[in-house]
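The structure appears right after this line, and notes come after that.
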Amino acid sequence: MMIEVEGLVKKYDNFLAVDKVSFQVQKGEVFGLLGPNGAGKTTTIEMLVGLRKPDDGTARLAGFDVKKEVNRVKEVIGVQLQSTSLFELLTVQEIMEMYASFYPTHVPISPLIEQMQLTEKRKSRVKSLSGGQKQRLAIALAIIHDPKIVFLDEPTTGLDPQARRTLWDIIEQLKAKGKTIVLSTHYMDEAHVLCDRIAIMDKGHLIALDTPENLVRSLHSESAIEFTLLEKEHHSFIEELSGVFQVTERNNRFVLYTDSLQSTLTDVIVRASTSNIKIHDLQTRTSTLEDVFIHLTGRSLRE
Ligand code: ADP
């Protein structure tokens with residue numbers, strides 16, 4: 001095991017930010033921490049990388065204990081945090097050389113700049129880079145000493161879709177090189193695409209842990225049917241529909257989870273038309289990790 005976490009706890013005064021979190025990560029895995037803001041993802045990562053002291057529990061990275069062998073741990077990890085601040089007046093090349101000089105050995109700088117798609121920017125000052133370029137530079141700096149384990153805390157938050165895709169490619173490349181990656185995110189699509197396994201966190205608790213496919217499968221409902229009812233009082237027909245496992249509602253928008261899309265959908269349309277109920281914006285889709293989160297917590301990831 002590359003990462004072994006057992007019963008990790010962090011309190012801020014009396015507030016439990018992380019409550020007995022346990023998981024293991026194998027070499028070469030991309031492991032996701034998925035949860036809404038405040039779930040405890042950053043605090044978990046900060047404890048693992050030695051920036052915060054756990055109040056209880058243990059963690060070992062590549063066999064080294066994060067409490068007792070901090071220096072050994074630092075040799076085997078690379079960290080990109082949301083708060084990573086860069087020297088704005090240096091150029092990309094200069095800041096990479098500076099970071100490289102901090103370590104006894106480092107990877108060759110030019111190929112790393114190339115890999116991070118920053119070759120055109122090597123002589124540009126950091127302050128002139130776009131958000132996506134800065135994130136890629138932060139990742140380059142995190143891996144310049146060729147660590148075994150890379151921590152990425154919400155690496156794509158605030159980036160435009162294209163910059164996110166570029167970062168996804170880079171994370172895939174790191175995986176292909178055999179790195180073990182711990183990635184926190186509140187984007188369920190990102191977690192689904194990138195992660196081999198995902199720990200879903202909420203309010204300091206780890207509430208589910210599995211592959212993205214198994215998490216969605218655990219819903220026992222492959223499809224979701226969504227529609228809006230103009231008159232909410234007309235919703236009683238929903239209870240009589242066939243094949244429906246769960247129903248959620250927000251602002252008169254109903255989401256029905258079903259294991260038999262075709263018959264439920266037919267049932268919705270027939271019952272609504274015979275009762276003269278107006279249904280708007282009807283959509284069907286495959287269930288997602290977002291639905292898993294709603295199923296587990298009753299809330300949306302986006303709240
Ligand atoms: P996430 O990364 O999932 O958004 P965090 O680990 O940043 O979550 O935060 C978990 C909880 O701990 C939040 O409720 C946050 O307000 C709280 N918290 C984080 N850092 C501190 C701190 N230094 N002092 C007090 N509370 C904190």
Side-chain angles (χ1 to χ4, degrees), residues 3-25 29-59 61 66-67 70 73 77-86 131-132 134-135 138-139 142 149-159 164 167-168 171 180-210 212 215 288-303:
I3 302 178
E4 297 169 273
V5 178
E6 190 59 51
L8 221 48
V9 173
K10 183 73 203 177
K11 288 184 205 143
Y12 296 114
D13 296 326
N14 282 329
F15 176 74
L16 263 173
V18 173
D19 190 8
K20 299 199 195 72
V21 163
S22 305
F23 58 85
Q24 300 189 328
V25 183
E29 261 193 297
V30 179
F31 187 83
L33 295 173
L34 174 69
N37 282 331
K41 305 181 297 294
T42 301
T43 305
T44 301
I45 290 180
E46 287 176 344
M47 285 191 281
L48 294 183
V49 304
L51 285 171
R52 282 187 201 279
K53 216 169 157 296
D55 292 309
D56 203 356
T58 56
L61 302 186
V66 297
K67 281 185 193 162
V70 184
V73 166
I77 63 170
V79 186
Q80 173 267 320
L81 291 173
Q82 277 172 286
S83 54
T84 301
S85 53
L86 303 167
K134 277 189 185 156
Q135 278 299 29
I139 294 174
I149 307 172
V150 184
F151 290 90
L152 305 173
D153 191 14
E154 306 232 357
T156 68
T157 294
L159 301 186
R164 285 181 74 205
L167 218 64
W168 291 4
I171 294 167
T180 304
I181 299 169
V182 177
L183 167 89
S184 82
T185 183
H186 60 266
Y187 297 118
M188 58 94 190
D189 57 339
E190 177 163 295
H192 202 136
V193 170
L194 293 176
C195 299
D196 297 307
R197 286 187 307 138
I198 297 170
I200 300 184
M201 289 190 74
D202 187 43
K203 298 182 175 165
H205 297 279
L206 197 161
I207 56 174
L209 197 174
D210 214 325
L215 287 168
T288 64
L289 286 171
E290 170 85 22
D291 300 316
V292 176
F293 189 82
I294 292 170
H295 175 73
L296 293 170
T297 67
R299 288 175 292 113
S300 163
L301 266 173
R302 285 169 281 205
E303 277 163 15

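Ligands are counted one by one from 1 in listed order, and the atoms in each one are counted from 1 as well. The residues of the chain are indexed from 1 along the displayed sequence.
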Identify the closest protein heavy atom to atom 10 (C) of ligand 1: which residue and atom is it, and at what distance? Gly38 O, 3.4 Å

Using a strict cut-off of less than 4.0 Å between a Lys/Arg side-chain nitrogen and an Asp/Glu carboxylate oxygen, indicate whether Asp56 and Lys20 qualify as a salt bridge. no

Between NE2 of His205 and CG of Leu16, what distance do you get to the nearest 0.5 Å? 7.0 Å

Tell me which protein heavy atom sits closest to atom 18 (N) of ligand 1, plus the residue, atom name and distance to 0.1 Å. Tyr12 CE1, 3.3 Å

Purely on distance, is any nitrogen or oxygen of Ala17 under 3.5 Å from one on ligand 1? no

Please report whether atom 3 (O) of ligand 1 has a protein non-hydrogen atom at a separation of less than 4.0 Å. yes

Asn37: numbered ligand 1 atoms lying under 4.0 Å from its heavy atoms: 4 (O)

What's the shortest distance from atom 8 (O) of ligand 1 to any protein heavy atom, and which residue and atom give it? Gly40 N, 3.1 Å

Look at atom 22 (C) of ligand 1 and say whether a protein heavy atom is found at less than 4.0 angstrom from it. yes

Counting C-beta onward and ignoring hydrogens, is there a side-chain heavy-atom pair between Val21 and Met47 closer than 4.5 Å? no

Do Thr288 and Phe293 have side chains that approach each other closer than 4.5 Å (heavy atoms only, starting at C-beta)? no

Would Glu154 count as being in polar contact with ligand 1, using the rule that some N or O on each side must be under 3.5 angstrom apart? no

Got a sec, which residues hit side-chain contact (heavy atoms from CB on, under 4.5 Å) with Thr157, two or more places apart in sequence or on another chain? Glu154, His186, Tyr187

Of all the atoms in ligand 1, which lie at a distance below 4.0 Å from a heavy atom belonging to Ala39? 1 (P), 3 (O), 8 (O)

Any non-hydrogen atom of Pro36 lying under 4.0 Å from ligand 1? yes

How far is atom 9 (O) of ligand 1 from its nearest protein heavy atom, and which residue and atom is that? Thr43 OG1, 3.9 Å

Using atom types as modelled and distance alone, determine if a side-chain donor or acceptor of Lys41 lies under 3.5 Å from a backbone N or O of Gly204. no

Using the rule side-chain contact (heavy atoms from CB on, under 4.5 Å), only one of Val182, Leu8, Thr44 pairs with Phe23; which is it? Thr44

Please tell me whether Thr42 and Asp153 have a donor and an acceptor in their side chains that are separated by less than 3.5 angstrom. yes

Return the closest protein heavy atom for atom 7 (O) of ligand 1 as residue, atom name and distance. Thr42 CB, 3.6 Å

If you scan protein heavy atoms around atom 15 (C) of ligand 1, the nearest is Phe15 CE2, 4.7 Å

Validation row: Leu183, Phe151 side chains within 4.5 angstrom (heavy atoms): no

